[in-house]
Asks: 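Take a look at the following structure, please.
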Number of protein chains: 2
Amino acid sequence: MNTPSQAPLGFLLHDAARLLRKRFEQQARHLGLTRSQWQVLAYLSSNEGIHQGGLAELLDIEPITLVRLLDKLEAIGLIERRPHPTDRRVRLLHLTDKARPLLGSARKLGDATRAEALQGVSAADRETLVRVLGLIKCNLVEACERPAAFHDSQRDSAENG
Amino acid sequence: MNTPSQAPLGFLLHDAARLLRKRFEQQARHLGLTRSQWQVLAYLSSNEGIHQGGLAELLDIEPITLVRLLDKLEAIGLIERRPHPTDRRVRLLHLTDKARPLLGSARKLGDATRAEALQGVSAADRETLVRVLGLIKCNLVEACERPAAFHDSQRDSAENG
DNA sequence: CGCATATAGTAAGCAAGCTTATTATATGCT
DNA sequence: AGCATATAATAAGCTTGCTTACTATATGCG
C-alpha cells in the first residue's frame, strides 16, 4: 500500500474532487448554492428549455438525482418547470430572473476556487489534466453502460448447473 | 459556457470521480463494499491500531464521516474498535480476519476499474495526472483550513458600521 | 381499437460527506 | 484541588448520488 501522498489514482481523484467541492461550498455559503446546484444552473443556462431527461443526460447523472436538485432549485426560486405544449409527460426547464445574477457570482467563485486548487500547476500540466480527465470521463460513461464483469459465485454456480 | 465536452475543470473532476466511484461500486456489489469503505480498509491495513482521529486525518475527511463508515464496517464484521489501554476517549481500530481476504479482491477490482478508466491514456499522461492531482489535493487541504474569502454583506456592514 | 413497449418523471431507501452541536474524558495551569 | 481548555467520539440534519420500483403518458404494431 502506498503512503497517502502516493495514493492510487482512484483514491486521489476522489479526494481531489471531494476537497474541491468542499472548498467551493465553503466559499459559496453566502450564495446559498451547492456545487451540484451550480453545475445544474450552469448547464441549464446553455440549454434553456431542455427537458429533465435531456439535462440528466448532459450531466451524466441519473434522472432521480436531477429531480432532487431541481426540487431544491425550484423551491429557492432559481428555476421553473413548465409543461410541454403537446407531451404531458415532459417538463421544460427555465432559469428565473432571480437566478441570472447568481450565475455571474458563482462563476467567479468557481474561477477563484480553481485558481486556489491549481497553484503551482503549469499551463501545460493544466492542459494535460483537462484532456486526460475528459478521456477518463468518456471511458467511464461507456464502462458504466456495460454489465459489471464480476464473479458472482451464485451466478457461476447456476450457470455451471 | 463551454460545451459539456469542454466543461470547466471543477465539473470535469467531479464527474470523473463520481463515475469512477459508480463503476467501482457496480463491480464491487458482490463484495458488499462501497468505494469509501474500501478506501478506509486500505488505509487501515497500512495503519493497524491507529485511532479514529488519526485515520480521519490521514483520509482528509471529517471525523463524523469516518464514524459513519466505521459503524458500517464494524456492523458487517470487517473492523473492530478496541479501547485504548490508558485513554478512555480513544478507540483503536483493527481489521478482522474476515476483512483480509476481501482486501485482495477489492484491490484487484480497483486495478481493473482503473484500467477501464485509463484506456487510451499514455504512461506519461498517467504520471502527469497523478502528480497534478496530488498537488491539487495538497493545495485544497490547505485552502480548506483558511477562512472563506467571500463577501458577506452582513459582515461587511458590521465591519464598516 | 387494443395492447405491449417505451419514455418521463418521481417515491423510497441507503450511503457518504459536510456543518453544527453535544457528551465524555484528558491536560495543564493556578 | 479546581477549573478552563483541549481532544475524541458521536448525534442530528441536510445534500447528493445511486438502486429499485412505481405511476402517468406516448408510441407503434397487429
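Lettering follows sequence order; numbering is per chain, from 1.
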Asks: Without decimals, in angstroms, what is the distance between L70(A) CG and dA11(C) P?
Replies: 12 Å
Asks: Would a 4.5 Å heavy-atom cut-off, applied to side chains only, mark D15(A) and Q39(B) as touching?
Replies: yes
Asks: Using whole Å, report how far CD of E25(B) lies from C1' of dG17(D).
Replies: 9 Å
Asks: In this structure, how many angstroms lie between the P atom of dG13(C) and the CD atom of E62(A), rounded?
Replies: 20 Å
Asks: For atom CD of E57(B), is the number of surrounding heavy atoms from other residues, nucleotides or ligands below 6.0 Å larger than 12?
Replies: no
Asks: Could you say whether H51(B) or T34(A) is positioned toward the 5' end of DNA chain D, judged by the nucleotide with the nearest heavy atom to each?
Replies: H51(B)
Asks: Think S36(B) has a side-chain N or O under 4.0 angstrom from the OP1 or OP2 of dG17(C)?
Replies: yes
Asks: Reading DNA chain C from 5' onward, which residue's closest nucleotide shows up sooner: L92(A) or L69(B)?
Replies: L92(A)
Asks: With a non-hydrogen cut-off below 4.0 angstrom, is H84(A) in contact with a base, only sugar-phosphate, or nothing?
Replies: nothing
Asks: Test H94(A) against every option in R81(A), E80(A), E48(A) by the side chain to side chain donor-acceptor pair (under 3.5 Å) rule and name the one that passes.
Replies: E48(A)
Asks: Which one, dT15(D), dT19(C), dT19(D), comes nearest to the side chain of K72(A)?
Replies: dT15(D)
Asks: Separation of R18(A) atom CZ from dT16(D) atom P, in whole Å?
Replies: 17 Å
Asks: Closest-nucleotide mapping onto DNA chain C: is T86(B) or T65(B) further toward the 5' terminus? I mean the 5' end.
Replies: T65(B)
Asks: Whole angstroms only, please: what is the CZ-C1' distance between R35(B) and dT16(D)?
Replies: 15 Å
Asks: Between dT10(D) and R91(B), is there an OP1 or OP2 to side-chain N/O distance shorter than 4.0 Å?
Replies: yes
Asks: Measuring from the side chain of R88(B) (C-beta onward, heavy atoms only), which nucleotide among dC18(C), dA15(C), dT25(C) has the closest atom?
Replies: dT25(C)
Asks: Using side chain to side chain donor-acceptor pair (under 3.5 Å), reason through R91(A) and H51(A) one step at a time and then give a plain yes or no.
Replies: CA-CA 6 Å; R91(A) 326 271 229 110; H51(A) 74 310; over 6 Å; no
Asks: R68(B) CZ to dT20(C) P: how many Å, rounded?
Replies: 15 Å
Asks: Does dT16(D) have OP1 or OP2 sitting under 4.0 Å from an N or O in the side chain of Q37(A)?
Replies: yes
Asks: Under 4.0 Å, heavy atoms only, any strand: does I61(A) hit a base, just the sugar-phosphate, or nothing?
Replies: sugar-phosphate
Asks: Applying a 4.0 Å non-hydrogen cut-off, can you work out what R81(A) is touching in the nucleic acid: base, sugar-phosphate, or nothing?
Replies: sugar-phosphate
Asks: Please indicate whether E127(A) has more than 12 foreign heavy atoms, meaning atoms of other residues, nucleotides or ligands, lying under 6.0 Å from its CD.
Replies: yes
Asks: Return the value, rounded to whole Å, for the distance between atom CG of D71(B) and atom P of dG17(C).
Replies: 14 Å
Asks: Write down the distance between CG (L73(B)) and P (dA15(C)), rounded to a whole number of angstrom.
Replies: 11 Å
Asks: Side-chain N or O of Q52(A) less than 4.0 angstrom from OP1 or OP2 on dT7(C)?
Replies: no
Asks: What nucleic acid atoms does V90(B) come within less than 4.0 Å of, heavy atoms only: base, sugar-phosphate, or nothing?
Replies: sugar-phosphate
Asks: Can you identify which nucleotide, out of dT10(C), dG17(C), dA26(C), has its nearest atom closest to the R89(B) side chain?
Replies: dA26(C)
Asks: For the side-chain contact (heavy atoms from CB on, under 4.5 Å) test, which of T65(A), D71(A), L69(A), L70(A) pairs with V67(A)?
Replies: D71(A)
